[in-house]
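Numbers restart at 1 for each chain; the letters A, B, ... are given by sequence-line order, proteins then strands.
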2 protein chains.
Amino acid sequence: MTAATSVPADPHSPADQHGPAAKPRRRVGRPAAAVLDQDGITAAALQLIGKSGYEGFTMAALARTLNVAPSALYNHVSSKRDVLVLVQDHLTSFVDVAAFEAGPWEQAVRDWAWSYRDVFSKHTPLIPVIAVLPVTDAPKTLAMYEAVSAGFSRAGFPQERIIPAIVAFESFIFGSAYDVTAPADIFDSGTMAASTPHFTSAVQRLAEDSHDKPADVAFSLGLEALLAGLGALRAA
Amino acid sequence: MTAATSVPADPHSPADQHGPAAKPRRRVGRPAAAVLDQDGITAAALQLIGKSGYEGFTMAALARTLNVAPSALYNHVSSKRDVLVLVQDHLTSFVDVAAFEAGPWEQAVRDWAWSYRDVFSKHTPLIPVIAVLPVTDAPKTLAMYEAVSAGFSRAGFPQERIIPAIVAFESFIFGSAYDVTAPADIFDSGTMAASTPHFTSAVQRLAEDSHDKPADVAFSLGLEALLAGLGALRAA
DNA sequence: CCACTAAATGAATGCCGTTCATTTAGAATG
DNA sequence: CATTCTAAATGAACGGCATTCATTTAGTGG
């Protein structure tokens, strides 16, 4: 069975802590050597991914950065997927939910959505993991949902619409995170341009008019539409 | 180098053709034996995925269903990713764009979006492939974009907003496709329920009130919001 | 009948995640 | 201090995977 994380997560962790974190690890009294633990593995994994990307992220490579044999990792983690879950949950603490506590709902959602997209556009291989991961396995992610839900509730959303609305935003965010990684010439129709006149001219006009990054234009457009449409669900 | 598909795609293929398709394959005059070709590989791949899922989809398994050695596949395809591209492009022909030719814009987008989501919710491992794939490598996908672009243009969208609007819809669709595959208990906060009161009560209220599938509720909500918000961009 | 070539073969390669019997070294116990 | 217990690290395996390549096979045009 995969357990992911053990401690109850303490939801008031202000932002994050990089580098070697505290190591309680004190069950009853046993060897306190412990070269490895989940926080250390998570930090090393994040650093390795930053340096080598997800292609270079292997259990062997991770073990090497920790000066340990690959098999040693399996004393603290039950699979590679488990490591990805730890990384995902850690990254979620970089998502900005601060404005949900006080500010107006629209701006809170904007801050949240943009930061959420930016964090995971650099980690798209995690999206398939997040999307089907029970919140129980990711305490910091659960804390994010609590902050967002509280904000929606405070803004006057009817209870039964809160989760669907959040899911709709999130779906858009995940899809948009992929879009950020698309190559610049993804819409170049090449030799087939002649047979796709409407599409080709639309692509050209976008390239001429806009000076911003295409992914940002599309994200802004969709986000504002969702804000307007879903914001209308609020009670007076 | 990956070439994906060779023929220029003829954009008026009405819907699709299952089973063994036509085999031009006629460069100058050579052995016409040809046990294998891209269409056959695509059809076999789709069938294998349907039967064994993406975990069971290996080059060896694919070769076995075609009664061929695994290495034989590489005479027609340059990598496993290439096969996925072929499958993705084929699946795109199942997406419904018919209403863009005549009907009202809103309903056309609805038909398109729901069918698009339904097709790829059964093929989420293809989403990372689609999202960064140059349209040149996927002729049927390009044909879909042409139909959709034409519909947006006909509906009065300003040229420079057509692509961003389509991308926004698509991002939402891809994200929502993942959502369909999420386990039913994904939002069960378990032992941490006490520390996440707003979230927990919102989840509970949704479960009580709604009889529809949660993924469908969220998709409908988001889609209608995007329709309203983006539809407003049209010229009178 | 010969020469040519696209296509199929099967063995080999290298990388991967994961398992497991075994060893190591601190902590608690008396 | 010696004994015992155990979490943690080790290194050699294993099976599966995509991909490569020298070689063979079998139609076709000349």
Undergrad: Any side-chain donor paired with an acceptor under 3.5 Å for B/E146 and A/H198?
TA: yes
Undergrad: Is it the case that the side chains of B/T141 and B/Q88 hold a donor-acceptor pair, with the cut-off being a distance below 3.5 Å and no angle test?
TA: yes
Undergrad: Which listed nucleotide (C/dT9, C/dG17, D/dC17) is nearest to the side chain of B/A69?
TA: C/dT9
Undergrad: Nearest whole angstrom, please: distance from the C1' of D/dT20 to the CG of B/D82.
TA: 16 Å
Undergrad: Return the value, rounded to whole Å, for the distance between atom CG of A/L73 and atom C1' of D/dA9.
TA: 10 Å
Undergrad: I'd like to check A/V109 versus A/W112 (side-chain heavy atoms, cut-off strictly below 4.5 Å). Are they in contact?
TA: yes
Undergrad: To the nearest angstrom, how far is B/K80 atom NZ from C/dC15 atom P?
TA: 19 Å
Undergrad: So what does A/S71 hit on the nucleic acid, given a heavy-atom distance under 4.0 Å: a base, only sugar-phosphate, or nothing?
TA: base
Undergrad: Atom CG of B/L48 to atom P of D/dC17: distance rounded to whole Å?
TA: 11 Å
Undergrad: CZ of A/R64 versus C1' of D/dA9: gap in Å, rounded?
TA: 17 Å
Undergrad: Please find out if less than 6.0 Å separates the ring center of A/Y116 from that of A/F120.
TA: yes
Undergrad: Any idea which of C/dT18, C/dA8, D/dA18 is nearest the B/N75 side chain?
TA: C/dA8
Undergrad: Measuring from the side chain of B/Y74 (C-beta onward, heavy atoms only), which nucleotide among D/dT20, C/dA8, C/dG17 has the closest atom?
TA: D/dT20
Undergrad: Nearest whole angstrom, please: distance from the C1' of D/dT19 to the CG of B/L84.
TA: 15 Å
Undergrad: It should be established whether B/H76 places a side-chain nitrogen or oxygen under 4.0 Å from OP1 or OP2 of nucleotide C/dA8.
TA: yes
Undergrad: Can you measure A/M59 atom CE to D/dC14 atom C1' for me and round it to whole angstrom units?
TA: 17 Å
Undergrad: How many whole angstroms separate atom CG of B/L62 from atom P of D/dG16?
TA: 18 Å
